[in-house]
Enquirer: 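My questions will all concern the structure given below.
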Amino acid sequence: MSNVKNAFYNTLKTISTVVFPLITVPYISRILTSENVGKVNFANSIISYFTLFASLGVSTYAMRECSKIKGDQKQLEKVSSEIFSINIITMLFSYIGLIYLVLYSNKVGQYNLLIFILSMNIVGGIVGTEWLNMAIGDFKYIAMRTIIIQFISLLLLFLLVHKPADYLIYAVILVFSSSGAQIINIFYRRRYCHIKFTFSLNLSRHFKPIILLFSLLLAQTIQANIDITVLGFVRTDSEVGMYSMSVKLYTTVEKVISSIAFVLIPEISGLYAKRDFDQINKLLSKTLNIINVFSFPMMLGLALLSNEILTVICGNDYTSAAMSLSILTIAMFINLYGGSFWGNLVLLPGGREAQFMIACCVSAAFNFISNCFFIPRWGMNGAAFTTVISMAIVFTLCNIRSDKNIKIHINKKNNLSILFGGFSVTVICLIFKYWLSNKVLILVFSVVTSCIIYIIVLLIFQNEALKFIFEKFLGRFYRR
């Protein structure tokens, strides 16, 4: 039952971080214009690389290691302090590299103040040590804290951002929304253990797994941001702004769905340690069915209504990105199975970081090379296309590299219900697009009707995932 609660709170936290951009994007995209939105997102893509170098991607490793010793406070304090200290040192080197880039790159130097503001997220991510809360399993606190910070950020946005020149204020608010909660955690985490800086880093224990995971996350970061980075160098700020909005929309949906899987990492790691593959396979099969239930209709809806979604949420200036959003929904669908499922739930808990790293490195290398070829010719649509192919590479390689003891049970009845439900979603969206001309009405009627019909279809087929969700979260109503 703790997994269900943790999944609920982690999904609630993710939804809060999703709702914030969903509310702010329509406002920001119109107030700042696509050019200034492009500036912020290009600068953010640069910062993302240095954030990764600073953190070394230790979050997954730290969560895994600390979850094993959370019952021993002395050991927990020792290991947490070692990982924290490694991060402090790498953060200093990361800032040196960032300063060098800003000073000696003419293109990046144009955004120096913006990059300085956004770089505060590097500090917040390091000192916050949210991985400790996750290792302990305190997802309720993480969710409540995040919701409060997001709400305050929303108020600040509407109070302070009123014209295109306010994009720097918007950047400050973005930093607060991401790092405000992390600063609070400095004081809150003391109830678990006292983390302090130490020169006793115990590198013989931490170095190899951290470097493996860092290489993995570096490849994932390149894969996630290289298209925006290349667009920023070879295309206009306006095109970067349009494309980044389509990226934000599809990643928003992906985050909500993948958050269901994320909370299972500690438990599956424990099951791998016991070599209990019966339980692992049951848990993975159930999780895959839940991912199927949510991802398939969302992919169809985003693809079919891409023009309407961009118009309603972002404004008419962003409709040129409709094709790229439709293409990216395919990437979202594939990545949920590749990176989120096979990578994070099968390879990483099973100690196969190297295999996952190889898959992501091959994909990132392909993505970088193909972006340099396709983006100058086809712009954001070329960027979206290369993302699809790179996600397919991750999925294929992760599947091949997985433990042969992993045997996912495929329930044909469940999949049939999802296919019929997806077909219903497609028909409904096409009907409303044909009958109605107002894009707001098309979007509202399509979403509401599709959700109702889709749930009805799953109930008729008695889909196990929907039944599980109803029993756990709507138990009283379901039993009636």
Side-chain angles (χ1 to χ4, degrees), residues 11 14-15 18-19 22 245-261 287-314 319 321-338 340-341 384 388 391 395 410-470 473-474 478:
T11 303
T14 305
I15 289 173
V18 164
V19 169
L22 282 180
M245 282 301 177
S246 62
V247 170
K248 184 170 289 186
L249 289 170
Y250 104 86
T251 53
T252 292
V253 175
E254 185 184 324
K255 282 179 183 178
V256 174
I257 301 173
S258 61
S259 67
I260 299 169
T287 304
L288 184 62
N289 189 30
I290 293 174
I291 291 173
N292 287 338
V293 164
F294 287 105
S295 64
F296 190 60
M298 287 186 174
M299 177 193 71
L300 293 173
L302 278 173
L304 292 167
L305 301 172
S306 59
N307 191 286
E308 288 76 15
I309 291 170
L310 285 167
T311 301
V312 173
I313 295 179
C314 304
T319 53
M323 178 60 73
S324 64
L325 177 57
S326 296
I327 298 170
L328 286 170
T329 57
I330 303 172
M332 175 201 77
F333 187 70
I334 297 172
N335 191 47
L336 283 168
Y337 296 97
S340 296
F341 186 79
V388 173
M391 295 300 183
F395 170 75
I410 304 297
N411 188 308
K412 293 180 180 179
K413 188 177 179 181
N414 287 337
N415 288 344
L416 193 62
S417 69
I418 293 167
L419 287 173
F420 270 98
F423 176 76
S424 302
V425 169
T426 302
V427 172
I428 289 166
C429 290
L430 292 176
I431 287 173
F432 283 120
K433 282 171 73 74
Y434 178 77
W435 277 351
L436 301 173
S437 58
N438 186 289
K439 292 184 178 181
V440 175
L441 294 179
I442 292 172
L443 188 59
V444 171
F445 281 111
S446 295
V447 171
V448 173
T449 309
S450 293
C451 288
I452 294 171
I453 299 300
Y454 184 71
I455 291 172
I456 290 173
V457 171
L458 295 191
L459 288 173
I460 291 172
F461 280 86
Q462 295 184 328
N463 184 281
E464 291 178 355
L466 190 67
K467 183 179 178 181
F468 173 78
I469 293 167
F470 275 25
F473 298 115
L474 301 171
Y478 183 79

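Computed from a predicted structure; not experimentally measured.
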Enquirer: So, for S417 and L458, which heavy atoms are closest and what is the spacing to 0.1 Å?
Expert: OG-CD2, 3.5 Å
Enquirer: Just jot down the side chain to side chain contact (heavy atoms under 4.5 Å, CB included) partners of S324, sequence neighbours excluded, or say none.
Expert: Y243, S246, A321, M380, N381, A384
Enquirer: Might you point out which heavy atoms bring L302 and I309 nearest each other, and give the distance in Å?
Expert: CD2-CD1, 3.6 Å
Enquirer: Would you indicate whether the side-chain heavy atoms of Y454 and I418 approach each other to under 4.5 Å?
Expert: yes
Enquirer: Taking salt bridge (charged side-chain N to carboxylate O under 4.0 Å, His left out) as the test, write out the residues that go with K439, two or more places apart.
Expert: none
Enquirer: How would you list all residue pairs meeting side-chain hydrogen bond (donor to acceptor under 3.5 Å, both in side chains) that involve residues 424-437, not counting sequence neighbours?
Expert: E308-K433
Enquirer: Hey, is CZ on F461 packed in by over 12 heavy atoms from elsewhere, all under 6.0 Å?
Expert: yes
Enquirer: So, taking the atom named CD1 in I428 and the one named CG in L304, what distance separates them when rounded to the nearest 0.5 Å?
Expert: 11.0 Å
Enquirer: Please identify each residue that fulfils side chain to side chain contact (heavy atoms under 4.5 Å, CB included) with N414, with sequence neighbours left out.
Expert: N289, N411, N463, E464
Enquirer: Heavy-atom distance under 4.5 Å between the side chains of L249 and L310, does that happen here?
Expert: yes
Enquirer: T329: which residues meet the side chain to side chain donor-acceptor pair (under 3.5 Å) condition with it, sequence neighbours left out?
Expert: none
Enquirer: I need the full list of side-chain hydrogen bond (donor to acceptor under 3.5 Å, both in side chains) pairs touching residues 441-450, with sequence neighbours left out, sorted by first then second residue.
Expert: none
Enquirer: Let me confirm one number: the CG-CG distance from L430 to L305, rounded to the nearest 0.5 Å.
Expert: 9.0 Å
Enquirer: Can you name the residues that form a ring-ring contact (aromatic ring centres under 6.0 Å, His included) with F423, not counting sequence neighbours?
Expert: none
Enquirer: Mind checking the CG-CD1 spacing from L336 to I291? Nearest 0.5 Å is all I need.
Expert: 6.5 Å
Enquirer: Just jot down the side chain to side chain contact (heavy atoms under 4.5 Å, CB included) partners of L419, sequence neighbours excluded, or say none.
Expert: F296
Enquirer: Could you give all pairs that pass the salt bridge (Lys or Arg N to Asp or Glu O under 4.0 Å) test and reach residues 448-462, with sequence neighbours left out?
Expert: none
Enquirer: How far does CG of N307 sit from CG of L443, to the nearest 0.5 angstrom?
Expert: 10.5 Å
